[in-house]
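Here the structure is laid out as structure tokens; the discussion comes afterwards.
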Amino acid sequence: MTAATSRTLLVAPGQQGAYATIGDAVRAAPDDATISVASGSYEETFELVERRLTVRAAAGATVRLDGTGAGWATLHVRGGFLTLQGIEVAAEVTAVQAEDVELTMERCTVSARGGPAVSVRGCRKFALGRCTITGAEQGVVVESSSGRIENCDIHDVTGDGLVIGLGADPEVVGCTITGCGHRGMYLYQYARPVVEGCDVSRTTGAGIAVAHRSVPTIRRTKVHDVTGAGMSFGPDCGGLVEACPLENTAEPALDLAEGATPTVVAPSESASAADGLDGLLSRLDEMVGLQAVKAEVRAVVDEIQVDEWRRNAGLAVGTVSHHLIFTGAPGTGKTTVARTYGSLLRELGVLDGGQFREVSRRDLVGQYIGHTAEKTSVVFEECLGGVLFIDEAYTLSRPTGGGGDFGQEAIDTLVKLMEDHRDQVAVIVAGYTGEMAGFLAANPGLASRFAKTIEFEDYTPADLLEIVQRMAAEGDYRLEADTEPLLLSHFDRIAGSPGFGNARDARRSFEGARKAQSQRLRALGRMPETAELRTLTASDVRTATS
């Protein structure tokens, strides 16, 4: 008999066959184990060194890791790999302190009374997705690290909301930062983040402050209702500010110190192209691949537009559902297309709010009968006028092994709400093609609520190469010509393999090549020339894809 290569350990106080505390499970867990935690508040703190673990809330569970009684970090991680999923982490000083570790946090709520909620330092790769950061001195502090902060909500902190420094270059996408006692974002000491599609408001200082030779790329980020300047750039700072509305701020809204050299593309110069119907369709067309998807979305837009013309002409117009099903593998652009679809509906006058909210099972499913209907209804009502995007929707129809089928309750609630508010919201459900068939069978009326199913096919190796080339160009890098066959061969080799992540693998390859370049240049023993800093070589790509 062959032993399993990984284990799942259950933490459930008082339950036979389970561990009483998270600490007990951590001590017993081998590397690459998953620790599943039942509902409860756990007054524990940890220091993990060179461990490889996943700690997640059990299905439907509310888990609080409470370190508020300690004078040190609730979770201090050095080296190795850690994934936190659906955990609330509270602290007196720092909630999560990560150093030289591959850190992933998904759907976590983090607070700290006297320090940063999340501190990331010297990490080659980290990811914060759909996390809520609140009640801290600083929200998230990132230093000398690369990674991605996406769809996070940082609010009500006494100092800076997001601090990025010491050469850190994360992507910050779709985040909301509000209610900060100092600045919304503070970028310092050679920081090179890409900030896109964020919203910054209610700060006592500047909305975004750039200092100490930092060169951020800031696109389509709105700064409004702040006491200080909308954005401020210190001497010797550069970068790009593109299509960023600055509203109700101190004057000047964009404060440039002497010697600051950012390239500024004002909202007025790009708004018509970026926000109009034709501009949104052009943005859709600019996405790599996805020809069939683009055609399907255009067909929906054409039908809506013609129906509006018929209505204005006094002709009969049938009832049209704006709800869609997106099927396909991860990393094929489903979330990006869903956002664009919502913007198109707003531009066509179908939706008046245009807000976009991405949720998963945890956001909809409660812990007891009746709780799920309440949670689902609250989320749905918050999305009226916009788009509700349910990722991995098939998990709602999967039995959890518990005492109640609360996922089914969420589906039944959604079916009724989608019918009652069919003209006020667009619901998009997404997931693997095969799995979504089971989801649609979970309620007799569910499939009929959706206008159509759009299949997202895997990217081809040529598509993935183009995605890497675009990432390189946006980051001011240049791929040497002999890197192309290496990347094509790599993508051809991994395409269709278990766990293939499409665009996520393209990003992983680019980030790996960039890290390999950094190590190569550091070994030169001298300051690299500008051309060397921009160039990614075949050896860099070979190291990243080997």
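Values below: every heavy atom of this structure, side chains too, minus hydrogens, waters and symmetry copies.
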- Message: In terms of relative ring orientation, are Phe450 and His323 parallel, tilted or perpendicular, with 30° and 60° separating the classes?
- Response: perpendicular
- Message: So, taking the atom named OG1 in Thr176 and the one named CG in Asp199, what distance separates them when rounded to the nearest 0.5 Å?
- Response: 5.5 Å
- Could you check Leu324 against Lys452 for side chain to side chain contact (heavy atoms under 4.5 Å, CB included), going step by step and ending with a plain yes or no? CA-CA 6 Å; Leu324 298 176; Lys452 63 172 56 183; 3.6 Å; yes
- If you look at every heavy atom in Asp458 and Ala329, which pair is closest and at what distance? OD1-CB, 3.4 Å
- Report yes or no: does Tyr341 contribute a side-chain atom to a donor-acceptor pair with the main-chain N or O of His322 at less than 3.5 Å? yes
- Give, for atom CZ of Arg107 and atom CD1 of Ile87, the distance between the pair rounded to the nearest 0.5 Å. 10.0 Å
- Note on the structure: Value for CG (Leu82) from OG1 (Thr104), rounded to nearest 0.5 Å, stands at 8.0 Å
- Taking C-beta and beyond as the side chain, do Glu88 and Val110 meet within less than 4.5 Å on heavy atoms? no
- Query: Just by distance, do the side chain of Thr221 and the backbone of Arg219 share a donor-acceptor pair under 3.5 Å?
  - Reply: yes
- Please determine if Arg7 and Asp32 form a salt bridge, counting it only when a charged side-chain N lies under 4.0 Å from a carboxylate O. no
- Once you round to the nearest 0.5 Å, how far does NZ of Lys294 lie from CG of Asp285? 6.0 Å
- Output for pair (Leu128 CG, Ile133 CD1), nearest 0.5 Å, gives 6.0 Å
- Answer yes or no: is there a side-chain heavy-atom contact under 4.5 Å between Ile218 and Leu240? no
- Message: Strictly distance-based, threshold 3.5 Å: is any side-chain N or O of Lys375 a donor or acceptor partner for the main-chain N or O of Leu364?
- Response: no
- Return yes if a side-chain donor-acceptor contact under 3.5 Å exists between Thr134 and His155, otherwise no. yes
- Task: Would you confirm whether Asp100, through its side chain, and Gly79, through its main-chain N or O, come within 3.5 Å as a donor-acceptor pair?
- Result: no
- Task: May I ask you to decide if Ala373's main-chain N or O and Thr413's side chain share a donor-acceptor pair within less than 3.5 Å?
- Result: no
- Query: Going through the distances and angles, do Val387 and Val425 end up as a side chain to side chain contact (heavy atoms under 4.5 Å, CB included)?
  - Reply: CA-CA 6 Å; Val387 174; Val425 67; over 6 Å; no
- Query: Does the pair Asp420/Lys416 count as a salt bridge with the N-to-O cut at 4.0 Å?
  - Reply: yes
- With sequence neighbours left out, what residues match Phe389 under ring-ring contact (aromatic ring centres under 6.0 Å, His included)? Phe356
- Item | Test item: Ser145 side-chain N/O and Val142 main-chain N/O as donor-acceptor pair under 3.5 Å | no
- Task: Classify the ring geometry between His421 and Phe380 as parallel (under 30°), tilted (30 to 60°) or perpendicular (over 60°).
- Result: tilted
- Item | Ion pair check, Glu511 and Arg514, cut-off under 4.0 Å | yes
- Dump the intermediate steps for side chain to side chain contact (heavy atoms under 4.5 Å, CB included) on Ile325 and Met436, then the final yes or no. CA-CA 9 Å; Ile325 302 167; Met436 291 300 288; 4.0 Å; yes
- Query: Do Glu358 and Lys334 meet the salt-bridge criterion of a basic N to acidic O distance under 4.0 Å?
  - Reply: no
- Query: Is a side-chain donor or acceptor of Gln291 paired with a backbone partner of Gly289 at a separation under 3.5 angstrom?
  - Reply: yes
- Checking Ile35, Thr34, Thr54 against Thr8 for side chain to side chain contact (heavy atoms under 4.5 Å, CB included), the one that qualifies is Thr34
- Item | side-chain hydrogen bond (donor to acceptor under 3.5 Å, both in side chains) between Asp463 and Thr460, intermediate numbers included | CA-CA 5 Å; Asp463 290 336; Thr460 66; 3.1 Å; yes
- Query: Side-chain contact, heavy-atom cut-off 4.5 Å: Ile149 with Val173?
  - Reply: no
- Answer yes or no: is there a donor N or O on one side and an acceptor on the other, between the side chain of Arg51 and the main chain of Val26, under 3.5 Å? yes
- Any Glu466 side-chain heavy atom under 4.5 Å of Tyr459 side chain: no
- Query: Can you check whether Leu284 reaches Val297 side chain to side chain, under 4.5 Å on heavy atoms?
  - Reply: yes
- Message: If you compare all heavy atoms of Val120 against all heavy atoms of Phe126, which two are closest, and at what distance to 0.1 Å?
- Response: CG1-CD2, 3.8 Å
- Item | Minimum heavy-atom distance between Val101 and Gly80, given as atom pair plus value | CG2-O, 3.4 Å
- To the nearest 0.5 Å, tell me how far Glu484 CD sits from Leu487 CG. 8.0 Å
- Asp540 versus Thr543, side-chain donor and acceptor atoms under 3.5 Å: no
- Query: Can you name the closest pair of heavy atoms from Glu392 and Thr395 and give their distance?
  - Reply: O-OG1, 2.8 Å
- Message: Counting only heavy atoms not in Arg124 (residues, nucleotides, ligands), do more than 12 fall under 6.0 Å from its CZ?
- Response: no
- Item | Side chain to side chain, Ser509 and His490, heavy atoms closer than 4.5 Å | yes
- Look at the side chain of Ser489 and the backbone N and O of Pro485, then say whether any donor-acceptor pair between them is shorter than 3.5 Å. no
- Is the closest side-chain heavy-atom distance between Leu53 and Thr83 below 4.5 Å? no
- Would you please test Ser146 and Asp169 for side-chain hydrogen bond (donor to acceptor under 3.5 Å, both in side chains) and show each step? CA-CA 5 Å; Ser146 295; Asp169 60 353; 2.5 Å; yes
- Message: Does Glu196 form a side chain to side chain contact (heavy atoms under 4.5 Å, CB included) with Glu150? I'd like the steps, not just the answer.
- Response: CA-CA 10 Å; Glu196 188 160 4; Glu150 184 171 13; over 6 Å; no
- Check ion pair Asp31-Arg52 (N to O, under 4.0 angstrom): no
- Task: Evaluate side-chain hydrogen bond (donor to acceptor under 3.5 Å, both in side chains) for Thr327 paired with Glu455, printing each intermediate quantity in order.
- Result: CA-CA 5 Å; Thr327 61; Glu455 175 74 25; 2.4 Å; yes
- Is any NZ, NE, NH1 or NH2 atom of the basic residue among Glu106 and Arg130 found under 4.0 Å from an Asp or Glu carboxylate oxygen of the other? no
- Between Ala38 and Ala12 the two heavy atoms that sit nearest each other are CB-CB, 3.8 Å
- Return the minimal non-hydrogen interatomic distance between Ala57 and Val63, and the atom names on each side. CB-CG2, 3.8 Å
- Would you indicate whether the side-chain heavy atoms of Val96 and Met105 approach each other to under 4.5 Å? yes
- Kindly say whether Val415 contributes a backbone atom to a donor-acceptor pair with the side chain of Arg449 at under 3.5 angstrom? yes
